[in-house]
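Worth saying up front: this structure is predicted, and the values here are computed from it rather than measured. Indexing begins at 1, ligand by ligand and atom by atom, following the structure's order.
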Amino acid sequence: MLIAGPCSAESYEQVLETSRELAAIPGLFGLRAGIWKPRTRPGSFEGIGEQSLPWLIEAGNELGLPVAAEVAKTEHVEACLKAGVSILWIGARTTVNPIYVQELAEAMRGADVNVLVKNPIHPEINLWIGALERFEQVGIQSIGAVHRGYFSLAASPYRNEAGWELAVELRERVPEVPILCDPSHIAGKRALVPEVCQIALDLGLDGLMVEAHNNPERALSDADQQLTPKRLKEVIASLTIRDQINGNILVSNELQKLRAQIDEVDHELIQIVAKRLEIIREIANEKDKHNLAIFQLKRWMEIVETRKQAANESKLSSSMIHELFRVIHKNALEEQVRILNKRNSD
Ligand code: PEP
Ligand code: MN
């Protein structure tokens with residue numbers, strides 16, 4: 001499922017020209033445009049507002065497609081419902097606030113409208129699920145989620161941290177909710193949009209909401225990340241859509257064999273973790289005997305360093321191994337605290 005259109009509706013000509021060019025994309029499901037734009041700093045282009053709604057409606061009518069707009073206030077909901085916008089999306093800056101989300105949901109009570117909820121700007125899955133529930137509670141029949149990545153200070157080529165694990169967890173927790181990906185706000189740069197689209201499809205997400213503009217360089221918002229409709233058409237044609245299930249029995253037999261090997265390796269892994277914990281218990285006894293503190297910074301630094309080196313030698317990601325040992329070490333500390341506490345209280 002593909003929804004495409006400009007970050008913001010800027011002018012009648014821009015909306016209509018963009019949508020006419022988008023019409024060349026086979027299977028295009030709907031058109032998007034931001035009418036009211038939540039901008040980080042005042043003074044940026046904040047959307048034309050209600051006056052631009054008829055442009056989007058006209059574009060949708062011309063193509064015979066549903067249209068989507070972001071709503072952040074009850075007045076936005078009322079204006080969109082009156083104008084005939086059939087997909088309302090909740091922006092990342094709104095999903096973070098349950099009071100706003102509830103107000104928006106109340107304004108839609110009983111309405112025959114589709115709602116898409118973007119993930120909040122920070123990776124808190126319960127806020128995302130909570131927002132989905134608020135729309136369900138007011139009787140919205142068609143609710144979807146949009147994964148748009150999240151704000152992070154970590155250095156990355158992307159504008160937002162992709163945080164795919166968040167979308168995967170949403171899938172686990174509410175499997176019935178379709179999830180679209182917004183590769184534009186994850187990537188932040190035109191050139192990176194295609195790879196983000198492909199990852200989203202590889203992870204089995206259900207569709208894309210992509211920003212496209214007839215003249216991206218001149219866009220009044222998000223100029224760096226918008227594609228021309230022509231380029232978007234090429235990108236969509238280049239994507240590989242993978243199946244969840246492969247009907248070819250030979251492929252699945254091979255996969256089954258490999259999965260059996262993985263089951264075995266995981267079993268060994270668990271046995272090794274258990275063996276390590278046994279040694280930790282003996283260490284706790286020794287520390288107790290010699291009245292030593294549980295946490296020894298020097299030893300922990302040594303573990304981090306040597307395990308990272310070993311990871312490099314085995315061509316494993318050293319940050320992944322660091323993370324793994326952080327979890328193992330945390331558990332080891334907790335076990336020692338438990339043992340010494342028990343000893344103290346005996
Ligand atoms: C948008 O879709 O243009 C937008 C503002 O997105 P987000 O809420 O994900 O930042
Ligand atoms: Mn945008």
Side-chain angles (χ1 to χ4, degrees), residues 1-10 14-15 18 22 29-42 44-49 52-53 56 67-73 76-77 80 85 87-97 100-101 104 114-125 127-128 131-132 135 144-152 158-164 166-167 170 179-190 192-193 196-197 200 205 207-229 232:
M1 177 193 275
L2 173 68
I3 297 175
C7 177
S8 310
E10 300 168 3
Q14 172 245 8
V15 173
T18 304
L22 284 170
F29 177 87
L31 292 172
R32 66 152 278 161
I35 305 296
W36 303 272
K37 299 301 299 177
R39 304 308 300 276
T40 305
R41 304 279 304 274
S44 313
F45 175 65
E46 294 188 324
I48 303 282
S52 58
L53 265 180
L56 183 59
V67 294
E70 174 173 349
V71 289
K73 298 211 290 190
H76 301 164
V77 174
C80 282
V85 177
I87 305 171
L88 306 182
W89 90 75
I90 312 302
R93 292 160 192 77
T94 305
T95 309
V96 288
N97 190 321
Y100 294 167
V101 172
L104 295 172
N114 306 279
V115 176
L116 292 174
V117 181
K118 288 195 164 197
N119 65 272
I121 223 150
H122 66 287
E124 191 178 350
I125 187 121
L127 271 177
W128 201 4
L132 292 165
F135 291 101
V146 181
H147 178 67
R148 49 81 74 202
Y150 54 80
F151 178 80
S152 163
Y158 297 155
R159 171 180 176 185
N160 283 299
E161 176 100 29
W164 296 109
L166 206 67
L170 190 77
I179 310 175
L180 305 188
C181 174
D182 171 345
S184 309
H185 289 87
I186 291 178
K189 291 181 204 78
R190 258 184 283 296
L192 301 178
V193 170
V196 179
C197 291
L205 301 198
L208 302 167
M209 185 203 260
V210 190
E211 287 188 344
H213 190 291
N214 62 332
N215 191 353
E217 285 86 3
R218 303 286 296 277
L220 300 180
S221 60
D222 290 348
D224 294 344
Q225 70 194 30
Q226 303 200 59
L227 303 175
T228 61
L232 179 58

Engineer: Which option, His147, Gln225, Arg32, Arg148, owns the non-hydrogen atom nearest atom 2 (O) of ligand 1?
Structural biologist: Arg32

Engineer: Under a 4.0 Å N-O cut-off, is there an ion pair linking Arg32 with Glu70?
Structural biologist: no

Engineer: Should you measure from each heavy atom of Arg93, which atoms of ligand 1 turn up under 4.0 Å away?
Structural biologist: 7 (P), 8 (O), 10 (O)

Engineer: Restricting to N, O or S atoms, which atom of Glu211 is closest to the Mn ion (ligand 2)?
Structural biologist: OE2

Engineer: Closer than 4.0 angstrom, basic N to acidic O: yes or no for Asp182 and Lys118?
Structural biologist: yes

Engineer: Please classify the Met209 to ligand 1 contact at 4.0 Å (heavy-atom distances, strictly less than): side chain, backbone, both or neither.
Structural biologist: neither

Engineer: Return the residue, atom name and 0.1 Å-rounded distance of the protein heavy atom closest to atom 8 (O) of ligand 1.
Structural biologist: Ala92 N, 2.8 Å

Engineer: Check Thr18 against Ala212 and note the closest heavy-atom contact, atom names and distance.
Structural biologist: CG2-O, 3.4 Å

Engineer: Write the atom name of the N, O or S atom in Asp222 that is nearest the Mn ion (ligand 2).
Structural biologist: OD2

Engineer: Heavy atom to atom 7 (P) of ligand 1, shortest distance: which of Glu70, Glu211, Lys118 holds it?
Structural biologist: Lys118

Engineer: What's the shortest heavy-atom distance between Leu104 and Val71, and which atoms?
Structural biologist: CD1-O, 3.7 Å

Engineer: Within a distance under 4.0 Å of any heavy atom of Cys7, pick out the atoms of ligand 1 and give their elements.
Structural biologist: 3 (O)

Engineer: Heavy atoms only: give me the nearest Ser221-Ser8 pair and the separation to one decimal.
Structural biologist: OG-OG, 2.5 Å

Engineer: Closest non-hydrogen protein atom to atom 1 (C) of ligand 1, residue and atom name please, with distance?
Structural biologist: His185 CE1, 3.2 Å

Engineer: For Arg159, is there an ion pair with Asp222 - N to carboxylate O distance below 4.0 angstrom?
Structural biologist: yes

Engineer: Below 4.0 angstrom from a heavy atom of Gly91, which ligand 1 atoms are there? Numbered from 1 as shown, please.
Structural biologist: 8 (O)

Engineer: For Leu53 and Trp36, work out which heavy atoms get closest and say how close.
Structural biologist: CD1-CH2, 4.1 Å

Engineer: What's the shortest heavy-atom distance between Arg41 and Ser44, and which atoms?
Structural biologist: O-OG, 3.1 Å

Engineer: Enumerate the atoms of ligand 1 whose separation from the nearest heavy atom of Lys37 is less than 4.0 angstrom.
Structural biologist: 1 (C), 3 (O), 5 (C)

Engineer: Only to 10 degrees, please: what angle do the NE2 atom of His185 and the SG atom of Cys7 make about the Mn ion (ligand 2)?
Structural biologist: 170°

